[in-house]
Amino acid sequence: MSFTLATWNINSVRLREPIVLKLLEEEAPDVLCLQECKSPVEKIPLEGFKALGYNHMVARGQKGYNGVAILSKIPMEEAGSEDFADLGHARHIAGKLENGVTVHNFYVPAGGDKPDREINEKFGQKLDYLTDMRDWFKAEKPEKSILVGDLNIAPREDDVWSHKQLLKIVSHTPIEVEHLAETQEAGGWVDITRQDIPAGLLYSWWSYRAKDWDAADKGRRLDHIWATGDISNSGHGSRILRDARGWEKPSDHAPVFATFDL
DNA sequence: ATGGTAGTCAAACTA
């Protein structure tokens with residue numbers, strides 16, 4: 001059985017319902033994981049998603065900020081949600097698909113502007129969030145699982161437009177990269193996107209603030225698809241739908257895809 | 001070094 005999964009930071013699921021529907025119609029992933037829904041769960045517009053065959057959803061939401069949801073054509077039951085770093089934020093939801101695969105959908109804290117926890121509380125919260133993820137997965141020992149989401153870290157030199165210029169910019173600092181690596185190691189996670197596309201510049205986010213995001217192309221790979229080692233060999237076909245960054249009223253993130261044959 | 005844009009929800013916060 002083969003299924004395709006996509007992850008997309010949508011930056012308001014209600015405002016961007018039209019382009020979520022466009023993605024579901026044109027690309028038809030079996031599972032779509034969304035972050036930054038910025039909506040209470042009961043206000044997520046489900047009718048159009050259901051009409052396209054996405055009859056299953058698990059989600060956590062809050063008013064105005066954060067929020068994560070998994071839409072699925074495959075029957076799915078909720079498999080819990082965690083509040084790492086005790087922030088009280090809706091940043092994680094897990095679903096277990098009928099095929100036995102568990103999907104973890106994360107929205108890791110962005111971390112503010114200054115990469116110093118002494119003067120910027122948000123940066124400390126981001127590091128603590130990753131440390132709690134690490135410790136949880138170390139105990140949990142996940143199997144037959146996929147982890148996706150906006151992890152808000154671009155770990156590799158070719159995950160950013162300029163490694164040198166971003167070394168002190170939150171999302172690409174060595175301490176964040178180290179925390180992410182420890183989380184990945186603790187769960188035995190394999191980066192499926194980079195398994196498929198092992199070299200070369202790869203971005204999933206471009207700032208709204210650029211005059212011409214496409215021409216400037218100052219992107220970062222903040223959105224990830226990982227899988228546990230027991231199923232990582234079944235992952236293939238990774239891609240990032242850069243086109244979506246240029247759609248009407250776009251998110252600042254593009255959707256990331258991978259297919260798994262199980 | 002600064003300011004640039006976008007979303008929520010109606011001023012300030014977050015990204």
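Residue numbering restarts at 1 for every chain, and letters A, B, ... go by the order of the sequence lines.
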Separation of A/E248 atom CD from B/dA6 atom C1', in whole Å? 15 Å
Under 3.5 Å side-chain donor-acceptor pair for A/N152 and A/S171: no
Which value, in whole Å, describes the distance between the P atoms of nucleotides B/dG7 and B/dA1? 30 Å
Tightest non-hydrogen contact, residues A/P115 and A/T173, listed as CB-CG2, 3.7 Å
For every nucleotide of nucleotides 7-15 of chain B, 5' to 3': is a protein heavy atom under 4.0 Å from its base (B), only from its sugar-phosphate (S), or from neither (-)? SSS---BSB
A/I169 CD1 to B/dA1 P, straight-line distance once rounded to whole Å: 11 Å
P atoms of B/dC9 and B/dT14, separation to the nearest Å: 14 Å
Scanning both residues in full, the closest heavy-atom pair of A/D261 with A/S2 reads OD1-OG, 2.9 Å
Between B/dA6 atom P and A/K211 atom NZ, what is the distance in whole Å? 14 Å
Can you see whether A/T7 engages A/Q35 through a side-chain donor-acceptor pair at a distance of less than 3.5 angstrom? yes
Students often mix this up, so state it plainly: with edges at 30° and 60°, are the rings of A/H92 and A/F84 parallel, tilted or perpendicular? tilted
Could you work out the separation of B/dT2 and B/dA6 based on their P atoms and round it to a whole Å? 23 Å
Within a 6.0 Å radius of atom CD on A/E248, are there more than 12 heavy atoms belonging to other residues, nucleotides or ligands? no
P-based separation of B/dA11 from B/dT5 [nearest Å]: 23 Å
